[in-house]
Amino acid sequence: MGYVIAFMVLPVAIIATYSFFQRGQYGGIVYSLTLDNFARALDSLYVGILGTSVALSSTVTLLALLIGFPTALAITKLQPQHQNIALVLVILPFWTNFLIRTYAWIVLLSSEGLLNQGLLGLGIISDPLALLYTPGAVVMGLLYAYLPLMVLPIYAALSRIDPSLREAAIDLGASRFTALRQVVFPLAIPGTLVGCVFVFVPSVGNFIVPELLGGGKTVMVGNLIRDQFLKARDWPFGSVLAIAMVVMLVLLFALQARITKRVLGQG
Amino acid sequence: MTGVGKLGWVLAAVCFFLYAPIAIVIVMSFNASKIPFQWTGFSTKWYSELFANASVLEGLRNSLIVGVSTMILSVVLGVLLAIGITRHSTSSAVQALALAPAIIPDLALAIGLLALFSAISFPLGLTTVILSHTIFCMAFVAAIARGRILQIDPALEEAALDLGDTPRGVFFRVTVPSLMPAIIAGALLAFTLSFDEFVITFFTNGPSTPTLPIVIYSMVRFGVTPEINALASLVLLFSVAIVLISQRSVKLSQSI
């Protein structure tokens with residue numbers, strides 16, 4: 001426990017303290033209390049970046065949900081021994097190098113990339129499309145990176161549902177779709193929310209995908225925090241941004257826990 | 001069973017989506033042409049160039065040092081942590097705190113650690129990277145070990161004590177062997193996580209000791225080259241192999 005406190009609690013405490021201090025003339029920290037950093041974070045420029053991050057991450061989460069839910073459902077319909085194989089197949093890319101998976105999308109999307117060459121070759125387009133360095137490319141990269149994190153918790157929730165509940169609904173006259181909508185979906189809500197949080201949280205803080213696939217044109221809050229720490233050397237302001245991000249994510253966790261409690265309470 | 005058929009297509013499409021980009025990189029790594037997207041023939045020359053690239057080799061060396069050190073530290077601490085939180089603490093807040101480093105955004109952890117090391121004026125280098133990797137790898141090891149500890153019958157340890165073994169002997173002769181599959185799985189996972197980790201390394205590393213992901217990062221920023229394709233393929237296959245072995249070990253630990 002001592003290790004956790006030393007390397008986990010202490011850093012958070014230091015960041016929290018820094019946020020009240022001022023930036024020194026040469027990038028150090030001047031230990032005088034101020035709330036200026038918080039006021040600066042409310043500047044429309046930074047609020048805008050936070051808005052972009054939330055909007056992009058929400059899009060990623062929604063897409064991951066739309067793809068991940070049917071995927072998880074499909075896995076539960078397989079034979080038990082095939083289910084394990086399918087799960088390993090889905091999670092395996094997640095354990096591989098994140099930079100390389102992002103890099104693969106540069107190969108696919110760049111103007112001489114394979115997607116453009118394929119479309120040109122088929123005569124569908126006459127000029128290469130600008131696919132890379134767009135917000136769309138950022139969404140694609142994040143979706144690719146975090147889709148497994150959506151599938152796993154939904155699968156866990158779906159596989160815990162007693163199949164006889166669904167059969168009972170069908171026996172009582174519900175159509176397959178109605179049984180899915182009225183019996184399976186509500187019971188899968190807790191797992192689905194966990195999946196959404198698992199996708200949203202790392203998406204918001206990501207700075208690699210916006211940099212490599214967004215070409216620096218799509219700035220997210222992760223890039224901003226990174227730049228404050230490593231380029232502008234304005235640690236107090238970077239700390240404020242990091243705290244804003246973490247507070248937002250904690251609120252999200254709390255919301256998820258609350259909804260889950262309510263759903264389970266009713267059930 | 002038309003519903004299953006449709007869902008089967010969804011699964012196939014998702015697997016295609018997940019694997020096609022990786023497969024393309026691997027195929028391109030055998031392309032003889034220097035121009036990234038023109039196939040001119042099969043060649044393994046990019047692989048041999050890779051092994052002549054000094055910065056790649058240095059990155060590999062640093063990554064292996066960090067990976068192995070992190071693995072050892074996080075297994076020892078992670079297993080102790082797991083025993084602590086399952087046997088000696090019923091507080092859910094303590095349990096949540098112990099596993100938190102696995103969930104907190106890596107960027108937040110990274111800047112926090114950077115701030116900590118700079119506050120105590122600890123010079124950045126491989127030591128700080130290892131300490132930082134350990135904090136989140138340890139949480140993963142603890143999570144795996146905890147699942148195994150809950151399955152072990154405490155009567156086994158009590159029996160050993162009753163038969164006259166010392167608490168220390170019980171730990172090494174009963175507890176550790178029965179945790180072995182979880183320890184192996186956790187160790188392999190910790191190693192892969194550390195080997196591929198970028199964000200925390202980026203913040204807590206000094207300039208003179210780049211790890212392999214840092215080297216890869218500086219390479220991919222300048223675009224697509226066949227050499228990166230070759231390096232990427234090797235790193236991908238390496239991680240996949242370790243994760244598969246670790247999965248087997250977890251399965252083994254569940255079946256015993």
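Lettering follows sequence order; numbering is per chain, from 1.
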Nearest-0.5 Å distance that lies between atom [atom1] in [X] and atom [atom2] in [Y]:
| X | Y | atom1 | atom2 | value |
| --- | --- | --- | --- | --- |
| B:F198 | A:F98 | CZ | CZ | 10.0 Å |
| A:N97 | B:F195 | CG | CZ | 8.5 Å |
| A:I208 | B:D106 | CD1 | CG | 7.5 Å |
| A:I100 | B:I216 | CD1 | CD1 | 4.0 Å |

Could you tell me which of [options] has the largest number of non-hydrogen atom pairs under 4.5 Å with chain A?
| options | result |
| --- | --- |
| B:L193, B:I228, B:V235 | B:I228 |
| B:L212, B:L114, B:I22, B:V25 | B:L114 |
| B:T192, B:I24, B:I242 | B:I24 |

Contact summary for [X] and [Y], nearest pair of heavy atoms:
| X | Y | answer |
| --- | --- | --- |
| A:L99 | B:P213 | CD1-O, 3.2 Å |
| B:D196 | A:T96 | OD2-C, 3.9 Å |
| A:G205 | B:L107 | O-CD2, 3.6 Å |

Against chain B, label [X] side chain, backbone, both or neither, depending on which of its atoms sit under 4.5 Å from a heavy atom there.
| X | answer |
| --- | --- |
| A:P202 | neither |
| A:I225 | side chain |
| A:F207 | side chain |

(request) Mind ranking A:L92, A:V201, A:V90 by heavy-atom pairs under 4.5 Å with chain B and telling me who comes out on top? (result) A:L92
Taking the side chain as everything from C-beta on, heavy atoms only, tell me whether [X] gets closer than 4.5 Å to [Y].
| X | Y | answer |
| --- | --- | --- |
| A:Y103 | B:N229 | yes |
| B:L11 | A:L78 | yes |
| B:F17 | A:I67 | no |

(message) Once side chain to side chain donor-acceptor pair (under 3.5 Å) is applied, what residue pairs with a partner in residues 10-20 of chain B remain, sequence neighbours excluded?
(response) none
(request) Any pair with a residue in residues 204-215 of chain A that passes salt bridge (Lys or Arg N to Asp or Glu O under 4.0 Å), sequence neighbours left out, goes on the list, sorted by first then second residue, please. (result) A:E211-A:R226, A:E211-B:R221
(request) Return the orientation label for the A:W95 and B:F140 ring planes: parallel under 30°, perpendicular over 60°, tilted otherwise. (result) perpendicular
